[in-house]
Q: 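First, the structure itself, so that you have it in front of you.
Every number for a ligand or one of its atoms is a count from 1 in the order of the listing.
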Amino acid sequence: MNEFEFINSIKQQYYRQSTLIKGIGDDGAIISGSSDRLVVVTDTMVENVHFSLKYMTYSDVGYRVMAANLSDLAAMGCKPQFYLLNIVAPKNTQNSSIIEIVNGTKELANRYNMDLIGGDTVEGEHLVITVTAIGSQKHGLKRLRSDALEDDVVFCTGYLGKSAYGLELIKNNQIDKTSEFIQSHIRPNPRCDFVKITSNIKRICLNDISDGIASELYEIAEASDVDIEIDWDELPINHQMKQLNQHQLMEYVLYSGEDFELVGTCSAVDWIQIEKICLNNNINISKIGKVRRKKDAKPNVTININEKLQTLERKGFRHGSLD
Ligand code: ADP
Ligand code: MG
């Protein structure tokens with residue numbers, strides 16, 4: 001397959017977004033200005049650092065890079081619209097494998113009505129995939145990490161630590177791909193659904209859980225200059241994981257990454273509404289703590305375990321990335 005045929009094979013037959021003027025096929029894509037704000041996010045995954053082809057297909061890999069981007073867009077309260085896909089692949093990679101990667105990204109793109117509007121495909125030593133996604137945010141929405149206020153409710157979606165537990169199962173050669181934990185690792189579900197149903201709520205401080213909830217809570221506390229207090233007993237933990245020993249369980253739940261769930265804060269009044277709409281839309285959501293006025297010079301995050309308040313360690317999940 002030559003380059004022309006390759007580009008043609010990944011190019012969409014038609015585009016879904018009405019603001020797109022020119023997609024794939026020229027030196028750049030053109031998007032017309034719209035009244036909403038545009039938000040741009042990007043994420044890169046490197047073979048044997050962020051994923052391994054030993055237990056993931058090319059299509060899983062494409063899906064997962066896309067999921068990481070969609071999770072960032074969700075944490076910014078955005079509706080996904082466009083994306084670009086850059087692939088660095090070793091010389092011996094088959095064209096069909098590259099097309100599988102593209103098709104993996106398209107699974108999520110189709111679900112959320114996104115258009116693939118460009119990218120680059122080049123040869124290199126390792127497989128490296130970068131997605132850059134663009135979404136729209138309604139004017140007036142507040143969704144930043146710096147948007148938490150004293151007395152807010154702290155909440156998170158889904159269950160914590162499932163992805164890391166899934167990876168552990170894979171490493172222990174339990175490769176039943178239907179396991180919900182393994183699925184959480186290789187095909188995580190970004191929380192775009194949360195964005196849609198909460199779009200009428202003006203202020204929600206939001207962050208997605210990519211490096212573990214402890215690290216994300218510190219990011220919120222620091223950006224908003226507040227203290228945060230959470231309760232171990234309120235954290236959403238899958239019942240099968242509750243059988244793990246306490247130390248291991250805490251590592252998964254507090255410090256492991258890539259669940260791509262959302263953690264955030266909102267006013268007590270808005271919480272009543274958010275909890276109700278999530279329930280009506282089958283999104284698991286839990287109230288896990290409270291935002292407090294900052295006591296010391298530096299913001300603190302504490303966790304209540306067996307009625308003892310202790311400082312949450314500020315550590316998170318990092319795959320050899322630069323700190
Ligand atoms: P140029 O040499 O002008 O950069 P390319 O030949 O690299 O253009 O690409 C031609 C068209 O195909 C461009 O619109 C580019 O954005 C698109 N394209 C190339 N690789 C990808 C990819 N992996 N995913 C999506 N679009 C791609
Ligand atoms: Mg060019």
Q: What class does the angle between the rings of F155 and W271 fall in, given that below 30° is parallel, 30 to 60° is tilted and above 60° is perpendicular?
A: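 Ring orientation, 0 to 90° scale: parallel.
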Q: Return yes when E3 approaches ligand 1 closer than 4.0 angstrom through a heavy atom, no otherwise.
A: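 The answer is yes, since E3 has a heavy atom less than 4.0 Å from ligand 1.
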Q: Could you list the atoms of ligand 1 found under 4.0 angstrom from a heavy atom of L85?
A: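 Matching atoms, with element in brackets: 22 (C), 23 (N), 24 (N).
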Q: Under 4.0 Å from any heavy atom of T121, which atoms of ligand 1 are there?
A: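 This gives 20 (N), 21 (C), 22 (C), 23 (N) as the contact atoms.
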Q: Between the candidates I101, D26, I7, N86, which shows the shortest non-hydrogen contact distance to atom 13 (C) of ligand 1?
A: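 Considering heavy atoms of I101, D26, I7, N86, the nearest to atom 13 (C) of ligand 1 sits in D26.
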Q: Assess K315 against Y255: is NZ or CZ under 6.0 Å from the centre of the six-membered ring, and within 45 degrees of the ring's axis?
A: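 Cation-pi check for K315 and Y255: passes.
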Q: If you look at every heavy atom in T105 and G62, which pair is closest and at what distance?
A: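 Closest heavy-atom pair between T105 and G62: CG2-O, 3.4 Å.
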Q: Looking at ligand 1, does any of its N/O atoms fall within less than 3.5 Å of an N/O of G119?
A: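 Yes, since at least one N or O of G119 sits under 3.5 Å from an N or O of ligand 1.
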Q: Checking R187 against S59: is there a side-chain donor and acceptor pair closer than 3.5 Å?
A: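 Judged by distance alone, the side chains do pair up.
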Q: Within a distance under 4.0 Å of any heavy atom of D27, pick out the atoms of ligand 1 and give their elements.
A: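 This gives 3 (O) as the contact atoms.
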Q: Decide whether an N or O pair under 3.5 Å exists between I87 and ligand 1.
A: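 N/O-N/O distance below 3.5 Å does not exist for this pair.
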Q: Out of D152, D270, D147, which one pairs with R203 under the side-chain hydrogen bond (donor to acceptor under 3.5 Å, both in side chains) rule?
A: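 When D152, D270, D147 are each tested with R203, the side-chain hydrogen bond (donor to acceptor under 3.5 Å, both in side chains) holds only for D152.
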Q: Does the pair D225/K294 count as a salt bridge with the N-to-O cut at 4.0 Å?
A: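 Salt bridge: yes.
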